[in-house]
Amino acid sequence: AQSVTQLGSHVSVSEGALVLLRCNYSSSVPPYLFWYVQYPNQGLQLLLKYTTGATLVKGINGFEAEFKKSETSFHLTKPSAHMSDAAEYFCAVSAPGNYGGSQGNLIFGKGTKLSVKP
Amino acid sequence: DVKVTQSSRYLVKRTGEKVFLECVQDMDHENMFWYRQDPGLGLRLIYFSYDVKMKEKGDIPEGYSVSREKKERFSLILESASTNQTSMYLCASSSGLAYSYEQYFGPGTRLTVT
């Protein structure tokens with residue numbers, strides 16, 4: 001079975017500082033990995049995803065994440081935080097057979113709220 | 001652009017009422033999902049469907065049912081609403097193709113049961 005752990009339910013950074021949101025996963029098969037962002041009172045929006053190929057994945061709004069199989073990690077980074085990055089971020093993993101063999105199911109972490117100080 | 005719409009952004013219902021939450025997607029996606037989101041608990045899967053008239057239970061199906069009569073529409077039903085079902089409800093859809101598991105989310109319905 002798959003699982004996702006996000007370290008830190010709240011992260012606070014200063015504007016212009018590095019953003020690092022941690023995600024570790026567990027999967028018995030090669031995983032697909034995702035980062036989603038949720039702004040207040042909105043649904044989730046895909047930031048980036050890793051399926052196969054290049055392990056460094058670039059997403060929208062200057063975010064990127066690196067798939068490290070040996071560390072079972074998929075941490076999200078952004079070199080310089082902006083006030084508009086304040087939101088909740090969710091890491092998710094998917095693999096065939098999460099539920100009775102049905103494809104396309106995602107297992108989500110509990111989320112990390114990012115605050116950006118001026 | 002994929003669009004997933006939900007019938008209401010905010011809903012207030014009384015205990016014991018039957019509640020319908022509607023979700024429509026316009027991308028001909030095979031898979032559709034209902035989640036509830038609560039602070040500190042993240043997203044929890046209630047039900048999902050990978051084809052018309054097909055449904056599967058997720059992690060927390062108790063107190064809920066679903067209906068999928070058309071490919072684009074997936075309804076969540078609270079048969080007898082209770083206060084512990086006060087939550088944010090998110091609908092999502094995805095393609096059934098193996099290389100594209102990303103899910104597209106609607107804006108959410110914040111349901112309050114009094």
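Below, chain A is the first sequence line, B the second, and so on; all start at residue 1.
Looking at Arg9(B), only its side chain comes within 4.5 Å of chain A, counting heavy atoms on both sides. In this structure, chain A has a heavy atom under 4.5 Å from the backbone of Leu41(B), while its side chain stays farther away. At a 4.5 Å heavy-atom cutoff, Tyr89(B) makes no contact with chain A through either its backbone or its side chain.
Leu45(B) CG to Leu106(A) CG: the interatomic distance, rounded to the nearest 0.5 Å, is 9.5 Å. Separating the CD atom in Glu102(B) from the OG atom in Ser94(A) is a distance of 11.0 Å, to the nearest 0.5 Å. If you take CD on Gln42(A) and CG on Leu90(B), they are separated by 11.5 Å, rounding to the nearest 0.5 Å.
Per-residue heavy-atom pair counts under 4.5 Å with chain A were compared for Ala92(B), Gly108(B), Pro107(B), Pro39(B), and the maximum is reached by Pro107(B). Ranked by heavy-atom pairs under 4.5 Å with chain B, the first of Gly109(A), Gly111(A), Gly43(A) is Gly43(A).
Around atom NZ of Lys71(B), more than 12 heavy atoms belonging to other residues, nucleotides or ligands sit under 6.0 Å away.
No donor-acceptor pair closer than 3.5 Å links the side chain of Arg110(B) to the backbone N or O of Asn41(A). In this structure, the side chain of Tyr104(B) does not engage the main chain of Gln45(A) through any donor-acceptor pair within 3.5 Å.
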Apply the test side chain to side chain contact (heavy atoms under 4.5 Å, CB included) to residues Gln37(B) and Phe108(A): give CA-CA distance (whole Å), side-chain angles for both, the deciding distance (0.1 Å), then the verdict.
CA-CA 11 Å; Gln37(B) 182 181 15; Phe108(A) 285 88; over 6 Å; no
